[in-house]
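Note that the structure is predicted; figures quoted are calculated from it, not measured. In what follows, chains carry the letters A, B, and so on, assigned in the order in which the sequence lines appear, proteins first and then strands, with residues in each chain numbered from 1. All heavy atoms count here, side chains included; hydrogens, waters and symmetry mates do not.
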Amino acid sequence: MTAPSATPVPTGSMNEAGARLVAWYDRHRRALPWRDTSDPYRIWVSEVMLQQTRVETVIPYYHAFLERFPTVHALAAADSDDVLRLWQGLGYYRRARHLHEAAQQLVRQWDGRFPADIRAFRRLPGVGDYTAGAVYSIAFGEPVPAIDGNVARVFARWLGIEEPMDKPAVRKSVEAVIRQWQQAFGPSRVTQAVMELGATVCMPRLWRCDDCPLAAECEARRGQRQGDLPVRRARGARPVMDVLALLVHGGGRVLLVRRPAEGLLADMWQLPAVERPRAESAPSPTDDELLAWGREAFGAWGCDGLRVLGRARHEFTHRVWDVTLLEASQWSPQAVRELERTWVAAAWAAPDEWPRYPLARVYERLLHLWLHPAKSADSQVNRV
DNA sequence: TACCCGTGGCC
DNA sequence: TGGCCAAGGGT
């Protein structure tokens, strides 16, 4: 089935285009760590880390992770906090938990091997259509499509698709081309070639059509519509949350708490904190307002003598945190017990123990600000 | 279906 | 500076 707005490419020139694409790939492919192996486990780990994450960011995490967990069995046997620590800073932490759980399922059900049927692998937590297709086409040479953002962009432009790429009819038309190419030129090579083209030539805000093996038939290039394709839906404004973080310290140790197992930054550690939404277009609260809020919120936890130490703005994809760091000079003995009731867990940790606690980035930066106020003075940390 | 889920880099 | 976005999946 061909998407209504797409211009069909004749079968003959379709295969010529595919031949040019894989020839281009053989010549221009980047040397990446996960291209040195056909081990499905290593390819799987790379695909999960690369979800919504840049190659340069992933590479050091990839090496550290595989050194620590070189096999499915090693990962399955790991402590979940160790897995999360190796993921610290990479974001989307649910990926780590899903990967760990999926490894355990592979060991339980298939003795740590990958099931012969891709549909069984697809059912594992954290494995979607893309990841299943990528692992099984690249590692096992199965002719199954793997459509990621790169692939969607390349085909949206090449075929001039004016509809959202997630529509089933559009998807089917793209998958048909990919399968045809995979039969002719090899599944692994085709999967990686299309992604590589999207990553290095047919990029979102830059397109080097002079270097593109698909330029001859490209609909977007013909109409100079590269920047308009693929069509994307508008994103809503991100809500701003004001966050008050509490620094309680004594004897060189700081009180840390653990976030719930579900939701934002699941299972990660941070300082005790409260948050509230800021009215749209309202100004950032003053120090006096924040102190009043802090006395109200943290007074119940037995904390007093509050002062503002610094502020940090942290932008997620879908929301913004404006975090103010408050230091408490006094707290009652039952403060920790109150906090343990409010949070999953609480612990006193000296700076050399902080690496044991997977910390969300913004709290890493706030703790660094407290530890090294001079060094942080003109960094981004305390600008708001 | 639309929203939730992180981080860092780019223009 | 602010918006956008990068090899998605879950609900």
Undergrad: For A:Met165 and B:dT1, what is the distance between atoms CE and P respectively, to the nearest whole Å?
TA: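 About 15 Å, once rounded to whole Å.
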Undergrad: Which value, in whole Å, describes the distance between the P atoms of nucleotides B:dC3 and C:dC4?
TA: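 The same atom, P, in both gives a distance of 15 Å.
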Undergrad: Without decimals, in angstroms, what is the distance between A:Phe316 CZ and C:dG2 C1'?
TA: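 Distance check: A:Phe316 CZ to C:dG2 C1' gives 17 Å.
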Undergrad: Considering heavy-atom distances to DNA chain B, does A:Glu315 or A:Asp166 have its closest nucleotide positioned more toward the 5' end?
TA: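 Final value for this comparison: A:Asp166.
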Undergrad: Would you say B:dC5 has OP1 or OP2 under 4.0 Å from some side-chain N or O of A:His318?
TA: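 True: A:His318 side-chain N/O within range (under 4.0 Å) of B:dC5 OP1/OP2.
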Undergrad: Name the residue closer to the 5' end of DNA chain C, choosing between A:Arg238 and A:Gly149 according to the nucleotide with the nearest heavy atom.
TA: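 Here A:Arg238 is the residue nearer the 5' end.
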Undergrad: Determine whether the aromatic ring centres of A:Phe140 and A:Tyr136 lie less than 6.0 Å apart.
TA: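 Yes, close enough.
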Undergrad: With a 4.0 Å heavy-atom cut-off, tell me which residues in residues 45-58 of chain A come close to DNA chain C, sorted by residue number.
TA: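 Of all residues in residues 45-58 of chain A, the ones placing a heavy atom under 4.0 Å from DNA chain C are A:Glu47, A:Leu50, A:Gln51, A:Gln52, A:Arg54, A:Val55.
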Undergrad: Can you tell me if CD on A:Glu296 sees more than 12 non-hydrogen neighbours from other groups inside 6.0 Å?
TA: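 No, not enclosed.
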Undergrad: Is A:Arg119 atom CZ crowded by more than 12 heavy atoms from other residues, nucleotides or ligands, each under 6.0 Å away?
TA: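 No, CZ of A:Arg119 has 12 or fewer neighbouring heavy atoms, counting only those of other groups under 6.0 Å.
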Undergrad: Assess the residue pair A:Phe298 and A:Trp301 against the criterion (ring-ring contact (aromatic ring centres under 6.0 Å, His included)); give the C-alpha distance rounded to whole Å, side-chain angles, the decisive distance to 0.1 Å, and a yes or no.
TA: CA-CA 5 Å; A:Phe298 300 131; A:Trp301 290 347; 5.4 Å; yes
Undergrad: Minimum heavy-atom separation for A:Ala216 to A:Arg20, with atom names?
TA: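 Of all heavy-atom pairs spanning A:Ala216 and A:Arg20, the closest is CB-NH1, 4.3 Å.
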Undergrad: Report yes if at least one side-chain N or O of A:His314 is closer than 4.0 Å to OP1 or OP2 of B:dT7; otherwise report no.
TA: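 It does, given that an N or O in the side chain of A:His314 lies less than 4.0 Å from OP1 or OP2 of B:dT7.
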Undergrad: Do any side-chain nitrogens or oxygens of A:Tyr93 fall under 4.0 Å of OP1 or OP2 in B:dT7?
TA: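 So the side chain of A:Tyr93 is within the cut-off, an N or O lying under 4.0 Å from OP1 or OP2 of B:dT7.
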Undergrad: Testing the basics here: between A:Val190 and A:Phe185, what is the closest heavy-atom pair and its distance to 0.1 Å?
TA: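 Nearest pair, atom of A:Val190 first, then A:Phe185: CG2-CB, 3.9 Å.
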Undergrad: CG of A:Leu206 versus C1' of B:dG9: gap in Å, rounded?
TA: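 A:Leu206 atom CG is separated from B:dG9 atom C1' by 15 Å.
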Undergrad: Distance check, P atoms only: B:dG6 and C:dT11, in whole angstrom units.
TA: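 14 Å, rounded to whole Å.
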Undergrad: Looking at the side chain of A:Arg205, which of B:dG6, B:dC5, C:dC5 is the nearest nucleotide?
TA: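 Taking heavy atoms from C-beta onward, the closest nucleotide is C:dC5.
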Undergrad: If I take atom CG in residue A:Leu124 and atom C1' in nucleotide C:dG9, what distance separates them, rounded to the nearest angstrom?
TA: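 For the pair A:Leu124 CG and C:dG9 C1', the rounded distance is 13 Å.
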Undergrad: Select base, sugar-phosphate, or nothing to describe what A:Trp321 touches, counting heavy atoms under 4.0 Å on all strands.
TA: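 Answer is nothing: A:Trp321 stays at 4.0 Å or more from every strand.
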Undergrad: In whole angstrom, give the distance that lies between atom CH2 of A:Trp87 and atom C1' of B:dG6.
TA: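 For the pair A:Trp87 CH2 and B:dG6 C1', the rounded distance is 12 Å.
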Undergrad: For A:Leu244 and A:Leu290, which heavy atoms make the closest approach, and how far apart are they?
TA: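 The pair with the smallest heavy-atom distance is CD1-O, 3.6 Å.
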Undergrad: Could you state the NE2-C1' distance from A:His98 to C:dG10, rounded to the nearest angstrom?
TA: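 In whole Å, C:dG10 C1' lies 7 Å from A:His98 NE2.
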Undergrad: Using whole Å, report how far OH of A:Tyr61 lies from P of B:dT7.
TA: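 For the pair A:Tyr61 OH and B:dT7 P, the rounded distance is 9 Å.
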Undergrad: Among residues 130-147 of chain A, which ones have heavy-atom contacts with DNA chain C below 4.0 Å?
TA: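 Correct list: A:Tyr130, A:Thr131.
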Undergrad: For a quick check of understanding: with a heavy-atom distance under 4.0 Å over all strands, which category does A:Arg97 fall into, base, sugar-phosphate or nothing?
TA: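 No contact.
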Undergrad: When we call it a touch if two heavy atoms are under 4.0 Å apart, what does A:Gly198 touch: a base, just sugar-phosphate, or nothing?
TA: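 The residue A:Gly198 makes no contact with any strand.
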Undergrad: Atom CZ of residue position A:Arg208 - does it have more than 12 heavy atoms of other residues, nucleotides or ligands inside 6.0 Å?
TA: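 Yes.
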Undergrad: Minimum heavy-atom separation for A:Val194 to A:Trp181, with atom names?
TA: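 Looks like CG2-CZ3, 4.4 Å.
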Undergrad: Is any side-chain N or O of A:Arg232 closer than 4.0 Å to OP1 or OP2 of C:dC5?
TA: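 It does, given that an N or O in the side chain of A:Arg232 lies less than 4.0 Å from OP1 or OP2 of C:dC5.
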Undergrad: Only one of A:Val58, A:Leu99, A:Thr57 passes side-chain contact (heavy atoms from CB on, under 4.5 Å) with A:Met49; say which it is.
TA: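 Of A:Val58, A:Leu99, A:Thr57, side-chain contact (heavy atoms from CB on, under 4.5 Å) with A:Met49 is met by A:Val58 alone.
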Undergrad: Among C:dG8, C:dC5, B:dT7, find the nucleotide with the atom closest to the side chain of A:Asp148.
TA: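 Nearest to the side-chain atoms of A:Asp148, counting from C-beta on, is C:dG8.
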Undergrad: Under 4.0 angstrom, heavy atoms only, what part of the nucleic acid is A:Arg259 near: base, sugar-phosphate, or nothing?
TA: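 Nothing, no nucleic acid heavy atom in range.
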Undergrad: Taking atom CD of A:Glu56 as the centre, does the number of heavy atoms from other residues, nucleotides or ligands within less than 6.0 Å exceed 12?
TA: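 Buried by this count: over 12 neighbours within 6.0 Å.
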Undergrad: Would you mind reading off the distance between A:Arg94 atom CZ and B:dT7 atom C1', rounded to a whole angstrom?
TA: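 Going from CZ in A:Arg94 over to C1' in B:dT7 covers 16 Å.
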